[in-house]
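As structure tokens, the structure follows; a few thoughts come after it.
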Amino acid sequence: MRQYLQCGRFGFNLDKKAVVMGILNVTPDSFSDGGRHASLEFAVTHAEQMIEQGVDMIDIGGESSRPGAPVVPLEEELRRVMPVIYALRELDKPLSIDTYKPEVMREAVLAGADMINDINGFRAPGAIEAVRDSDCGLCLMHMLRDPATMQQDPHYDDVVGEVIAFLRSRVDEMTAAGIDRERICIDPGFGFGKTLEHNVALVRAIGRMRDELGLPVLAGLSRKSMIGALTGKPVEQRVAGSLAGALAAVAHGARIVRVHDVAETVDALKVWHACA
Ligand code: 7PM
């Protein structure tokens with residue numbers, strides 16, 4: 001199976017190696033807030049640092065999807081995200097926008113975003129239409145219910161089968177709308193309505209997911225509670241655990257890893273690919 005992902009101005013050949021998506025949070029709680037100007041400066045500096053460290057694409061997120069976190073109003077999300085897209089566009093790195101709001105998708109695509117990363121799998125009314133007529137990449141993630149309720153005693157009869165079935169139905173709806181498969185990658189959504197056991201089963205099933213849907217898999221394990229549960233470490237001490245998670249995902253067939261710790265992940269993948 002050939003693994004390629006069309007991402008706006010860029011195209012990724014994923015046959016031989018995995019690529020690193022660096023997380024850029026532009027939520028005001030991700031730094032000590034000194035106002036909008038300071039937060040834009042902070043985001044640009046962080047992005048430049050990730051580029052120096054060898055990041056392959058930058059994932060810009062303006063809404064925290066933490067379970068129970070307050071929903072960010074549309075206008076506020078646009079105020080956070082749009083200046084960052086404009087500021088980073090000239091850096092010539094693929095820009096992904098982490099949003100489930102169709103209006104943000106539309107604005108981001110107009111501003112030249114290369115990828116839309118939707119934790120909601122483009123289920124919002126108008127989401128598919130918002131991205132259909134562009135050539136941006138699309139990350140389609142599985143989430144159980146919604147961020148407010150997803151971690152309330154998540155249950156599956158067959159977690160792998162159900163996640164694959166969900167992703168298949170979303171891919172089918174998007175391709176039926178005329179979207180090219182080359183634009184789509186899939187993501188089991190680690191931590192989004194999953195217990196530790198569910199997450200582990202899904203890491204082990206990445207190869208099956210890729211083969212059954214014939215699409216590249218993105219894995220986001222970085223600093224998540226799964227890493228905390230396995231190591232007993234708080235979030236600021238999860239770098240080594242997250243690296244092991246990223247390598248395990250790649251060993252199982254993931255081709256995009258979404259991470260906070262770009263320098264460490266880039267090094268780990270260089271060694272991994274040389275020895276794999
Ligand atoms: C609070 C809770 C803050 C959870 C942030 C998060 C993914 C994603 C996120 C993922 C894709 C985090 C998450 N996770 N997009 N966005 N895949 N495609 O830990 O796993 O980064 S937000």
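Since the model is a prediction, treat every value here as computed from it, not as a measurement. Both ligands and their constituent atoms are indexed starting at 1 by order of listing.
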I'd like to know if Glu182 pairs up with Arg2 as an ion pair, taking the criterion as any Lys NZ or Arg NE/NH1/NH2 lying under 4.0 Å from an Asp or Glu carboxylate oxygen.
yes
Give the numbers and elements of all ligand 1 atoms closer than 4.0 Å to a heavy atom of Asp187.
10 (C), 11 (C), 17 (N), 18 (N), 20 (O)
Is it true that Asp98 and Arg258 have a side-chain N and a carboxylate O under 4.0 angstrom from each other?
yes
Taking every heavy atom of Ile179 against every heavy atom of Leu138, the minimum-distance pair comes out as CG2-CD1, 3.7 Å
Can you tell if the side chain of Lys194 reaches within under 4.5 Å of the side chain of Pro188, non-hydrogen atoms only?
no
Within the 4.0 Å heavy-atom cut-off, what Ile119 brings close to ligand 1 is side chain
Quick note on ligand 1: atoms under 4.0 Å from a heavy atom of Met141 include exactly 10 (C), 11 (C), 17 (N)
Does an N or O anywhere in Asn117 fall below 3.5 Å from an N or O of ligand 1?
yes
Looking at Lys224, which atoms of ligand 1 are within less than 4.0 Å of one of its heavy atoms?
7 (C), 10 (C), 12 (C), 14 (N), 19 (O), 20 (O)
Counting heavy atoms under 4.0 Å, the part of Leu221 that contacts ligand 1 is neither
Can you confirm, on distance only, whether ligand 1 has an N/O atom lying under 3.5 Å from any N/O atom belonging to Asp98?
yes
For Leu218, the atoms of ligand 1 under 4.0 Å from one of its heavy atoms are 18 (N)
Numbered in order shown, the ligand 1 atoms found under 4.0 Å of a heavy atom of Cys139 are 18 (N)
Aromatic rings Tyr156 and His142: how do their planes relate, parallel, tilted or perpendicular, breaks at 30° and 60°?
tilted
If we set the cut-off at 4.0 Å for heavy atoms, which region of Arg258 has an atom near ligand 1: side chain, backbone, both, or neither?
side chain
Who passes side chain to side chain donor-acceptor pair (under 3.5 Å) against Arg79, sequence neighbours left out?
Glu76
Pairs touching residues 223-236 that satisfy salt bridge (charged side-chain N to carboxylate O under 4.0 Å, His left out), sequence neighbours left out
Arg223-Asp261
